[in-house]
Amino acid sequence: MPHPELLLRARFEAALARAFGAEYQHTDPLLRRSDRADFQVNVAMSLGKALRRPPREVAQALLAELDLSDLCVEGGIEVAGPGFINLTLRNDVLSEALSELLADTALGVPKAVTPDVCVIDYGSPNIAKEMHVGHLRSSILGDTLARVLAFRGHRVVAQNHVGDWGTPFGMLIEHLVDVRQEGRAADLDPSELGDFYRAARVKFDTDPGFADRARTRVVQLQAGDAATLALWQQFVNSSKRYMAAVFERLGVGLVDADVRGESFFNAKLGELADELQARGIAVLDDGALCVFPPGFSGREAEPLPLIVRKKDGGFGYGATDLAALRFRHEVLGGTRLLYVVGATQQQHLAMVFAVANMAGWLEPPVRAEHVSFGSVLGDDRKMLKSRSGENIRLIELLDEAVERAHAAVLEKNPDLSEDERRRVARQVGIGAVKYADLSCDRIKDYVFDWRRMVAFEGNTGPYLQYAHARIHSIFRKAGDQQAGGAIRVLAPAERALALELLAFGRAVSEVEVTLEPHKLCGYLYGLATSFSSFFEACPVLKAPPEERASRLLLCELSARTLRTGLNLLGIDAPERM
RNA sequence: GCACCCGUAGCUCAGCUGGAUAGAGCAUCGGACUACGAAUCCGAGGGUCGGAGGUUCGAAUCCUCCCGGGUGCGCCA
């Protein structure tokens with residue numbers, strides 16, 4: 001049996017055509033969950049206007065064309081208020097639908113009809129710079145979207161567009177040369193890279209002679225000087241190891257093979273600039289090669305350029321981003337190009353997309369989307385800048401989260417072995433950090449708050465993990481008694497849980513479309529609270545045999561849905577904690 | 001100056017793309033453990049949805065204008 005929601009939708013669409021004519025066949029019946037019934041249909045009100053008939057009459061006319069007795073309880077179809085159609089499903093319909101879910105490894109998440117090749121840009125941490133909390137958002141968001149899209153049947157190609165090229169490397173390389181000449185060990189230990197960068201930065205800002213050498217070094221780097229490249233490569237290698245360690249600790253699926261930094265596109269930039277100029281898309285302006293996409297203006301209302309090639313012949317990130325976009329479509333075969341990049345880049349990305357459009361690199365079905373997200377703010381509500389301020393290091397943040405989780409697990413469940421406790425602490429701590437970030441609307445600024453991250457109550461990762469662990473506790477107690485049988489939904493708490501379980505597919509699909517993982521978080525939280533209420537109201541193991549078997553199946557479905565949902569968020573679901 | 005984003009309970013946030021009395025969690029107050037795990041559950045109080053207009057049966061949601069906060073706006077990436 002198909003999903004009840006799909007059945008209802010199909011019935012109403014057909015009824016619309018029968019009642020009002022074939023042109024209404026594809027009218028959205030506006031089927032929604034309701035707090036007054038299981039579902040409500042709101043199409044009568046919107047249609048009343050077009051048909052110039054009272055909405056309640058429209059609703060009645062619709063219902064006259066429908067036989068829902070196999071789906072809804074007797075008296076479970078009513079017209080209320082201005083024309084709401086309230087629907088209450090039969091318990092056996094819910095029971096049967098849940099049995100279907102039980103047999104479905106995808107738990108009701110449909111496969112995409114026309115799969116995309118999704119290329120996901122995870123923002124761009126800079127080589128040779130410490131990763132900080134700002135990188136948390138793009139990594140976690142990108143990883144979650146990758147998991148959700150893959151689960152829906154799309155092909156996902158991750159791209160770690162690291163900043164591994166350009167002017168900062170002049171100063172980094174010169175500083176490395178200095179340090180080695182002074183006979184000190186060249187500290188390229190991944191964990192020390194942040195300090196190294198800061199030291200080079202200070203020297204660059206205070207020592208003019210050093211700054212000159214750094215600039216010369218940039219020219220050598222871009223000219224392909226072998227010795228310079230060798231030094232540069234040391235930074236890249238060290239940084240890659242560092243990033244891999246951070247991603248590993250975070251449980252983010254980015255690997256070395258996904259790294260395709262700015263340097264990769266360097267060789268293609270000249271050709272790209274020439275082509276844009278030859279096609280008349282880019283023009284020389286004050287010595288720089290620029291594209292002026294329509295609709296962008298600067299301070300004096302003058303056209304705003306995307307600079308492809310600077311006056312001095314160098315290339316900026318405009319050129320690199322264009323080359324990368326083209327590469328993702330032409331070489332990687334991407335059809336949906338996602339940029340998980342901070343909101344501060346909004347205008348820049350919009351311009352890159354506009355130029356790519358002009359160049360014909362974004363023809364349907366290829367499209368590009370900016371998965372924008374807000375800044376990370378401190379207690380003072382000000383943006384955490386990366387330049388000179390004391391940032392919280394990502395690694396230290398994760399360590400502390402795990403530590404706090406460890407203390408909590410020790411207190412709540414002293415029976416665990418130290419081995420398991422360490423493993424669980426990692427799952428809970430990292431999960432708490434991720435969930436705190438993912439559960440908020442990404443477009444808004446994120447207030448970084450320790451207490452909130454490690455608070456294990458309310459809409460948090462640990463609460464969801466706890467709900468999952470409790471279910472497994474029942475399984476352990478049940479032992480072999482958990483025979484098959486069928487699900488029979490009867491009690492109110494069972495009905496509420498059933499309706500939640502049936503909504504998983506919708507929640508996942510919504511994230512696929514909106515690219516907003518907090519909707520999945522909201523869904524899972526609702527599921528966990530529904531389960532907790534059920535858990536409180538409906539005894540499982542103490543129930544009579546038939547009921548027990550049914551409720552055990554409800555537990556199984558709940559546990560699987562929670563675990564699958566958490567996994568889509570990149571969060572583990574331990575069986576005890 | 002122009003463009004984009006944000007403004008919802010004391011705090012942190014939801015609100016399904018226009019639906020019914022705006023919902024959670026912290027915090028406050030009151031209940032429920034001889035336990036299928038109380039990291040839980042049940043209940044109470046708390047709101048002119050920044051403000052003012054407009055669109056219509058109906059607006060936190062869409063349009064316009066203000067107020068407040070943030071971010072961008074030509075050769076750093």
Side-chain angles (χ1 to χ4, degrees), chain A residues 30 32-36 40 42 45-46 48-49 54-55 80-84 86 124 126 163 165-168 262 285-290 295-312 314 316-318 320-321 342-348 350 372 374-375 377 381-383 408-409 411-413 428 436 439-441 443-445 447 449 451-452 455-460 462-463 465-467 469-478 503 506-507 510 514 518-519 521-523 525-526 529 532-533 535-543 548 551 555 576-577:
Chain A
L30 302 177
R32 303 281 143 86
R33 288 280 295 281
S34 169
D35 52 348
R36 310 201 164 199
Q40 64 182 42
N42 299 337
M45 273 99 65
S46 62
K49 204 179 324 177
F84 297 100
N86 290 335
S124 32
N126 282 327
W165 201 249
T167 43
E262 294 171 341
D285 191 278
D286 196 18
L289 187 65
C290 304
F296 295 90
S297 55
R299 285 182 199 283
E300 314 298 329
E302 81 285 9
L304 194 65
L306 182 75
I307 294 175
V308 177
R309 195 181 54 220
K310 296 184 284 184
K311 196 193 284 185
D312 66 5
Y317 77 152
T320 312
D321 284 343
T344 56
Q345 300 296 319
Q346 197 269 350
Q347 183 175 257
H348 169 70
S372 178
S375 312
L377 305 181
R381 291 278 174 167
K382 294 208 168 140
M383 221 175 118
V409 174
E411 183 199 330
K412 302 290 183 187
N413 195 350
V428 172
S439 59
C440 299
D441 190 350
I443 202 70
K444 296 181 182 172
D445 287 346
V447 179
D449 180 5
R451 277 182 315 176
R452 180 149 165 268
F456 296 162
E457 301 114 11
N459 187 10
T460 65
Y463 174 82
Q465 290 171 321
Y466 176 65
R470 277 163 116 197
I471 304 175
H472 276 273
S473 173
I474 295 180
F475 293 157
R476 283 190 294 275
K477 287 228 162 66
R506 191 185 168 88
E510 222 176 326
T514 63
H518 78 280
K519 302 202 167 180
C521 295
Y523 165 78
Y525 181 59
T529 50
S532 293
S533 298
F535 182 84
E536 205 73 25
C538 304
V540 177
L541 298 178
K542 290 173 188 161
R548 183 176 58 205
R551 287 178 177 170
C555 287
R576 61 180 108 212
M577 59 189 278

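Chain letters run A, B, ... following the sequence lines, proteins first and then strands; every chain starts at 1.
In this structure, the side-chain hydrogen bond (donor to acceptor under 3.5 Å, both in side chains) partners of A:Asn86, at least two apart in sequence or on a different chain, are A:Glu78.
A:Asn459 places its CG atom 12 Å from the P atom of B:rU40, with the value rounded to the nearest Å. Rounded to an integer number of Å, the gap from CD of A:Gln347 to P of B:rA3 is 12 Å. In this structure, A:Arg476 atom CZ and B:rA35 atom C1' are separated by 15 Å, rounded to whole Å. Rounded to whole Å, atom P of B:rA39 lies 9 Å from atom CD of A:Glu411. Rounded to whole angstrom, the span from the CG atom of A:Asp445 across to the C1' atom of B:rG70 amounts to 7 Å. Between the P atom of B:rA38 and the CD atom of A:Glu536 lies a distance of 7 Å, rounded to the nearest Å. Spacing between atom CE of A:Met577 and atom C1' of B:rA39 amounts to 7 Å, rounded to whole angstrom units. A straight line from CZ of A:Arg299 to P of B:rC73 spans 8 Å, rounded to a whole angstrom.
By the rule that a glycosidic angle within 90° of 0 means syn, B:rU21 does not qualify and counts as anti. Taking syn as a glycosidic angle within 90° of 0, B:rC42 does not qualify and is anti.
Within the 4.0 Å cut-off from OP1 or OP2 of B:rA38, at least one side-chain nitrogen or oxygen of A:Arg470 is found.
Contact of A:Tyr317 with B:rA77 (side chain to base): a donor-acceptor pair of N or O atoms is detected under 3.5 Å.
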- prompt: For RNA chain B, what is the dot-bracket line, given that a base pair needs Watson-Crick (N1 to N3, plus N6-O4 or O6-N4) or G-U wobble (N1-O2 and O6-N3) geometry with both distances under 3.5 Å, and | means paired with another strand?
  reply: (((((((..((((.....[...)))).(((((.......))))).....(((((..]....))))))))))))....

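Of the residues near RNA chain B, A:Gly316 and A:Ala408, the one whose nearest nucleotide (by heavy atom distance) lies more toward the 5' end is A:Ala408. When each of A:Pro539 and A:Lys311 is assigned the nucleotide of RNA chain B with its nearest heavy atom, A:Pro539 is the one assigned upstream, toward the 5' end.
Here, B:rA27 and B:rA44 have their C1' atoms 14 Å apart, quoted to the whole Å.
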message: Applying side-chain contact (heavy atoms from CB on, under 4.5 Å) to A:Lys412 and A:Tyr466, what does each step give before you reach the verdict?
response: CA-CA 11 Å; A:Lys412 302 290 183 187; A:Tyr466 176 65; over 6 Å; no

Expected rows: protein N/O vs nucleotides 15-22 of chain B N/O, under 3.5 Å:
{"from": "B:rG15", "atom 1": "OP1", "to": "A:His518", "atom 2": "NE2", "distance (Å)": "3.0"}
{"from": "B:rU17", "atom 1": "OP1", "to": "A:Arg32", "atom 2": "NH1", "distance (Å)": "3.3"}
{"from": "B:rG19", "atom 1": "O2'", "to": "A:Gln40", "atom 2": "NE2", "distance (Å)": "3.4"}
{"from": "B:rA20", "atom 1": "O2'", "to": "A:Arg36", "atom 2": "NH2", "distance (Å)": "2.1"}
{"from": "B:rA20", "atom 1": "N7", "to": "A:Gln40", "atom 2": "OE1", "distance (Å)": "3.2"}
{"from": "B:rA20", "atom 1": "N6", "to": "A:Gln40", "atom 2": "OE1", "distance (Å)": "3.1"}
{"from": "B:rA20", "atom 1": "N6", "to": "A:Asn86", "atom 2": "OD1", "distance (Å)": "2.5"}
{"from": "B:rA20", "atom 1": "N6", "to": "A:Asn86", "atom 2": "ND2", "distance (Å)": "3.4"}
{"from": "B:rA20", "atom 1": "N3", "to": "A:Arg36", "atom 2": "NH1", "distance (Å)": "3.3"}
{"from": "B:rU21", "atom 1": "O4", "to": "A:Arg36", "atom 2": "NH2", "distance (Å)": "3.0"}

